[in-house]
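These numbers were taken from a predicted model, which means no experiment stands behind them.
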Amino acid sequence: MDPRVHGIRRMLSGIRRIWVVLSPKGGVGKTLVSVCTAIGLAREGRTVGLLDADVTNPTAHIPLGVDPRGVELREEEGVVPVRAKGVLFMSPVFFTEDRALPLRGWEISSILRELLAITNWGRLDCLVVDTPPGLADETLELLLLLPRKEAILVSTPSPMASTSARRMEEFLRDEGIPLLAHIENMSPRGIPYYPNLDAEIGHIEGTEFCRKVSEIIRSVQND
Amino acid sequence: MHEWALANAIVDALLAHAGEPREVKFLEIRLGKLQSVAPEDIEFWLRQLLEERGVKVGEVKFVQEEVVLRCRRCGHEWSLDPSEAPETVREYMHFVPEAVHAFYRCPRCGSHDYEVVRGRGVYIGKVVFR
Ligand SMILES: Nc1ncnc2c1ncn2[C@@H]1O[C@H](COP(=O)(O)OP(=O)(O)OP(=O)(O)O)[C@@H](O)[C@H]1O
Ligand SMILES: [Mg+2]
Ligand SMILES: [Zn+2]
């Protein structure tokens, strides 16, 4: 019997909405969309958390401006997330000194269970979860463990990406997971391509990209 | 303390499993050494949390499990003692035992690709309700 599954329910019980940011393809902008969604909500005065669930390759701390080596985690009925740009943030990078963390199958489920079972989010209006690409261990485990979840799907306009996105939409429908938004990134139909975005990662909250993400999320969140 | 969260998870699991037990007569908790959890801390919270929920607690027994790692590349099996690790690394593994893969390699072939066969963390060994 794995007690963490029960612990997770308790630790997530103060969270009103959980938004999982997904994409079948890599490099389409999930992490930036996750971070900007969280920052946008925080600016509206919501209490918001961000979990980096890309456990073997966490990067959300970079646009959030958190240096993992400078973080000292506080313990209080669990482990308290770190505050950055108005967002409560937890990442596996806090436990690895930013080294590579090679994990397989069950270990991926296990580290996600541990993080969810020990992080004390307190009361949140929303928890945003950044995930790795595809429909493999991390994503399936999260969809299994997280209650009240809604998906934010990110894709790009290429024919391959849109085919994979359609498959992902079908999968979500079959699993009964509501699709909050399907964001087409680097596209005239969704979020445009901003050639200088990489130079502005450190102050992402000030970018047109971030403003655009917040605007899309505001239009769909019905809250 | 994050032991509070670990103990609460055990309590929630026990109560979900048994409905509304009046007493936990005997409880065996297994502690994998990789997580370096102090039995006294877990026992303190287990007793307090169970009693708060109206459940009497009898004997609580702790069994420490040695760490066994097995390399997926060369098959070598070995152990490691977190009490000999640098304090920061011990602390990372205390929160998230999987962090072991970031800091240790197979002593025979140097690979990070190994399995934690035993001794990872906290779980329920045996329980007797009344
Ligand atoms: N609208 C955009 N305009 C310009 N560049 C963008 C845009 N969206 C994302 N990028 C760039 O694409 C790269 C990947 O973004 P990001 O890391 O958010 O993608 P991801 O989907 O999280 O990747 P992974 O699948 O590896 O986790 C970044 O370097 C980012 O600057
Ligand atoms: Mg990413
Ligand atoms: Zn080896």
Heavy-atom cut-off 4.5 Å, strictly under: side chain, backbone, both or neither for [X] against chain B?
X: A/Leu103; value: side chain
X: A/Glu107; value: both
X: A/Leu115; value: side chain

Test side chain to side chain contact (heavy atoms under 4.5 Å, CB included) on B/Gln35 and B/Leu6 and set out the steps. CA-CA 11 Å; B/Gln35 202 166 16; B/Leu6 302 178; 4.2 Å; yes
Please check: side-chain N/O of B/Ser111 versus main-chain N/O of B/Arg73, any donor-acceptor pairing under 3.5 Å?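 Absent.
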Under 3.5 Å donor-acceptor, B/His112 side chain and B/His101 backbone: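 Yes; judged by distance alone, with no hydrogens or angles, the pair exists.
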Verify whether the ring centers belonging to B/Phe103 and B/Tyr92 lie closer than 6.0 Å.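 Aromatic pair counts; centres sit under 6.0 Å.
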Please check if the distance between the ring centroids of A/His61 and A/Phe89 is under 6.0 Å.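 No; A/Phe89 has its ring centre 6.0 Å or more from that of A/His61.
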Options [options], ranked by heavy-atom pairs under 4.5 Å with chain A, top entry:
options: B/Val100, B/Ile10, B/Val96; result: B/Val96
options: B/Ile124, B/Asp113, B/Thr88; result: B/Asp113
options: B/Phe95, B/Tyr114, B/Trp45; result: B/Phe95

Please rank A/Gly7, A/Ser110, A/Ala117 by heavy-atom pairs under 4.5 Å with chain B and give me the top one.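 The option with the most such pairs is A/Ser110.
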Any idea which of A/Met11, A/Arg104, A/Arg74 has the most non-hydrogen atom pairs under 4.5 angstrom with chain B?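 Option with the greatest count: A/Arg104.
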Which atoms of B/Val11 are under 4.5 Å from chain A, going by heavy atoms: the side chain, the backbone, both sets, or neither?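 No part of B/Val11 comes within 4.5 Å of chain A.
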Against chain A, label B/Leu15 side chain, backbone, both or neither, depending on which of its atoms sit under 4.5 Å from a heavy atom there.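 For B/Leu15, no heavy atom lies under 4.5 Å from chain A.
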Checking side chain to side chain contact (heavy atoms under 4.5 Å, CB included) against A/Ile152, which of A/Val20, A/Val128, A/Ile183 comes through?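 Checked A/Val20, A/Val128, A/Ile183 against A/Ile152; only one passes side chain to side chain contact (heavy atoms under 4.5 Å, CB included): A/Ile183.
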Flag side-chain contact, heavy atom, 4.5 Å: A/Ile39 against A/Glu205: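 Side chain of A/Ile39 against side chain of A/Glu205, heavy atoms only: contact under 4.5 Å found.
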